[in-house]
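Here the structure is laid out as C-alpha cells; the discussion comes afterwards.
Labels below follow one simple rule: chain letters A, B, ... track the order of the sequence lines, proteins then strands, and each chain is numbered from 1. These values consider heavy atoms only, across backbone and side chains, with no hydrogens, waters or symmetry-generated copies.
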Amino acid sequence: MAKKITGVIKLNIPAGKGTPAPPVGPALGQAGINMMEFLKKFNEQTAPQMGYVLPVEITVFEDRSYGFIVKQPLVSDLIKRAAGVEKGASNPLKDKVGVLSKDKLREVAKAKMKDFNTEDEEMAMRIVAGSARSMGIRVED
Amino acid sequence: MSQRYWTLIQANLKVAPHDWSPFHDAFEMVGIPGTVITEQPVAIGGYAYEPDDETISLLKSTLFERGASSVSISQVEEEEWSESWKQFFKPRRIGKRFWVRPTWEESEAQPGDLEIVLDPGQAFGTGDHPTTRMCLELLENAVSPGDAIADVGCGSGILSVGACLLGAGSVIASDIDKASVESAEENATRNNVKYTALEGKGFQVYEPSAVFDGVVSNIISAALIALAPEAHQRVKPGGWWIVSGIIQDNWPDVLATAQSVGFALDERLEEDQWVAARFRR
C-alpha cells in the first residue's frame with residue numbers, strides 16, 4: 001500500500017545554496033523531516049543550476065520519510081535573464097524596467113509548460129506575460 | 001545563548017496565482033533569497049533577520065503592487081525550529097575507532113575509542129550522514145601523526161576534530177558560511193583539540209604557500225571539481241585528498257577531473273547513492 005502523505009512543502013530556494021536558515025528550517029523542522037539530509041541532496045543535485053532560484057516540492061509521508069521534486073527555475077528568474085534586467089520594478093504600474101520580446105516570452109513559456117501543468121503554449125505564454133507585467137517588464141506585441 | 005528572532009513577512013492572496021514567482025521576486029529584491037508557499041492560508045512568505053523599517057515598507061508596497069490582498073508580519077523564535085533536527089542525531093560508531101555523539105547524549109565510548117562530541121548548531125556535519133561517515137572512515141586510514149591537514153568546507157568541524165584525534169600536527173579548517181566557522185570553533189573547544197577555523201571560499205583564505213599532507217573536502221561535486229586543480233597544488237607529493245558529498249551520477253565527473261589534474265584514485269567508498277574517495281598525489 002502506498003504510504004500516507006501528511007503534507008506537501010513548497011519552497012523556492014537558490015540552486016546549490018540551501019541552508020538550514022529560514023524558510024527551510026521552519027518548514028522542514030515543523031514537518032519533522034531530516035533537514036540536513038534534504039539540504040545535502042538538494043545542493044548536490046542542483047549545483048549545476050547555481051544562479052537560479054528553483055521551486056522544490058517536498059512530499060512528507062506519515063513515517064516522516066519524504067521525497068522531493070525540483071522544478072524548472074522560477075519564471076521571474078527566466079524573465080529577468082531573457083529581458084536582461086537584474087530586478088523587477090517595485091512599482092510595476094509606473095516603472096518599466098525592461099522589455100521581453102515575443103520570442104523570449106515563448107522560450108520562457110516552453111521551459112515552464114510542464115510546471116504549469118499545461119500543454120497549451122498560448123496559455124503558458126499568457127501566464128508568463130502576466131508575471132512579466134507584474135514585475136514591470138513590458139511584453140512586446 | 002540569547003534567543004534569536006526572525007521576522008516572517010507573508011503576502012496573502014485570495015486565490016493561488018498560476019505563477020508565484022513575481023511575489024518571490026519581491027522578496028529577492030530586498031535580499032531575502034528563499035520563500036515558502038502555503039495553501040492554507042494562500043500565501044507566500046519569506047524570513048528576514050532583524051530587517052529595518054525601510055526594507056519592510058519597500059517589501060510590503062511591492063507585494064501589494066504585485067497583487068497581494070494583505071501582508072502580515074510576525075516574529076518567529078528561532079528555537080521553535082532550529083532544534084528539531086536533533087532527534088535525528090544519535091550517538092554512533094564510525095569506522096573502527098570513532099565514536100560520535102551529540103552533546104546531549106550520554107557517552108558510550110569504550111577505552112581506546114576516539115570520541116567526538118558535537119553540537120553542530122546550524123552547520124553541516126553530525127556524522128549522521130553517509131557523506132560525513134565515509135570521510136571519517138577514509139581519514140582513519142590516511143592521517144599519520146604530525147600531519148598538516150586542511151579541511152575545506154568544514155561545516156561543524158567534525159572532520160577537523162577527527163583529524164586532530166588521529167594525531168594530526170596541525171589542522172586548518174575553512175568554510176564559506178560564517179555560522180559553520182563559529183560552530184567549528186566551538187566544537188574544537190568542546191573536544192579539547194586545537195585547530196584554526198577561517199571564513200572563506202576554497203583555498204582563498206589559506207597562506208598562498210601553504211601545503212598539506214592531506215586535504216579533506218566534504219562539499220558538493222561542483223565545488224570539488226572547481227577545487228581540484230588547487231587541491232593538487234596544495235597537497236604534498238605522496239599526500240592525499242579526501243572528497244565527499246558526491247551523488248553517484250556525478251562521480252565520473254569528479255573522478256575524471258581529479259585524474260586530469262594529476263591525482264590517482266586510492267580508495268572509494270559508497271553508501272546509499274553517495275560516493276566518497278581518497279586520491280593520492
Original post:
chain A heavy atoms under 4.5 Å from B:Ile219: which part of the residue, side chain, backbone, both or neither?
Top reply: backbone
Original post:
To the nearest 0.5 Å, how far apart are CD1 in B:Ile56 and OG1 in B:Thr7?
Top reply: 5.5 Å
Subject >> Distance in Å, A:Lys102 NZ paired with A:Glu140 CD, rounded so as to fall on 0.5 Å steps >> reply: 9.5 Å
Original post:
Which answer fits B:Asp253, side chain, backbone, both or neither, if we ask what part of it has an atom under 4.5 Å from a heavy atom of chain A?
Top reply: neither
**OP:** With rounding to the nearest 0.5 Å, note down the distance linking CD1 in B:Ile9 to CD1 in B:Ile44.
**Re:** 12.0 Å
Original post:
Side chain, backbone, both or neither: which part of A:Arg64 has a non-hydrogen atom closer than 4.5 Å to chain B?
Top reply: side chain
Subject >> Interface residue of largest heavy-atom contact number with chain B, from A:Val75, A:Val56, A:Leu11, under 4.5 Å >> reply: A:Val75
Original post:
For B:Trp274, what residues pass the ring-ring contact (aromatic ring centres under 6.0 Å, His included) criterion, not counting sequence neighbours?
Top reply: B:His129
Original post:
Under a 4.0 Å N-O cut-off, is there an ion pair linking A:Lys80 with B:Asp25?
Top reply: yes
Subject >> Backbone N/O of A:Gly51 and side chain of A:Lys17: donor-acceptor pair under 3.5 Å >> reply: no
**OP:** Look at A:Ile13, A:Leu78, A:Val53, A:Asp77 and state which one has the largest set of heavy-atom pairs under 4.5 Å with chain B.
**Re:** A:Val53
**OP:** Without swapping roles, check the side chain of B:Asn187 against the backbone of B:Asp119 for a donor-acceptor pair under 3.5 Å.
**Re:** yes
Subject >> Among A:Lys41, A:Lys87, A:Gln45, residue most engaged with chain B (heavy-atom pairs, under 4.5 Å) >> reply: A:Lys41
Original post:
Which pairs with one or both residues in residues 65-89 of chain A pass ring-ring contact (aromatic ring centres under 6.0 Å, His included), sequence neighbours excluded?
Top reply: A:Phe38-A:Phe68
Subject >> Top contributor to chain B contacts, counting heavy-atom pairs under 4.5 Å, from A:Ala132, A:Gly136, A:Gly32, A:Gly18 >> reply: A:Gly32
**OP:** Check whether B:Thr38 gets within reach of chain A through its side chain, its backbone, both or neither, counting any heavy atom under 4.5 Å.
**Re:** neither
**OP:** Please collect all ring-ring contact (aromatic ring centres under 6.0 Å, His included) contacts where either partner lies in residues 9-36 of chain B, sequence neighbours excluded, each pair once.
**Re:** none
Original post:
Does any heavy atom of chain A fall under 4.5 Å from the side chain of B:Asp249, the backbone, both, or neither of them?
Top reply: neither
Original post:
If you tally heavy-atom pairs under 4.5 Å against chain B, which of A:Gly130, A:Pro92, A:Gly16 wins?
Top reply: A:Pro92
Subject >> Step-by-step side-chain contact (heavy atoms from CB on, under 4.5 Å) determination, B:Ile32 to B:Leu59 >> reply: CA-CA 10 Å; B:Ile32 298 174; B:Leu59 178 55; 4.1 Å; yes
**OP:** With chain B as the partner chain, list the residues of residues 119-129 of chain A whose heavy atoms fall under 4.5 Å from it, by residue number, and write 'none' if nothing qualifies.
**Re:** A:Met123, A:Ile127
Original post:
Which one of B:Pro17, B:Pro33, B:Gly45, B:Ala26 has the most heavy-atom pairs closer than 4.5 Å to chain A?
Top reply: B:Pro33
Subject >> Point-to-point distance, once rounded to the nearest 0.5 Å, from CD of B:Gln273 to CD of A:Glu44 >> reply: 11.0 Å
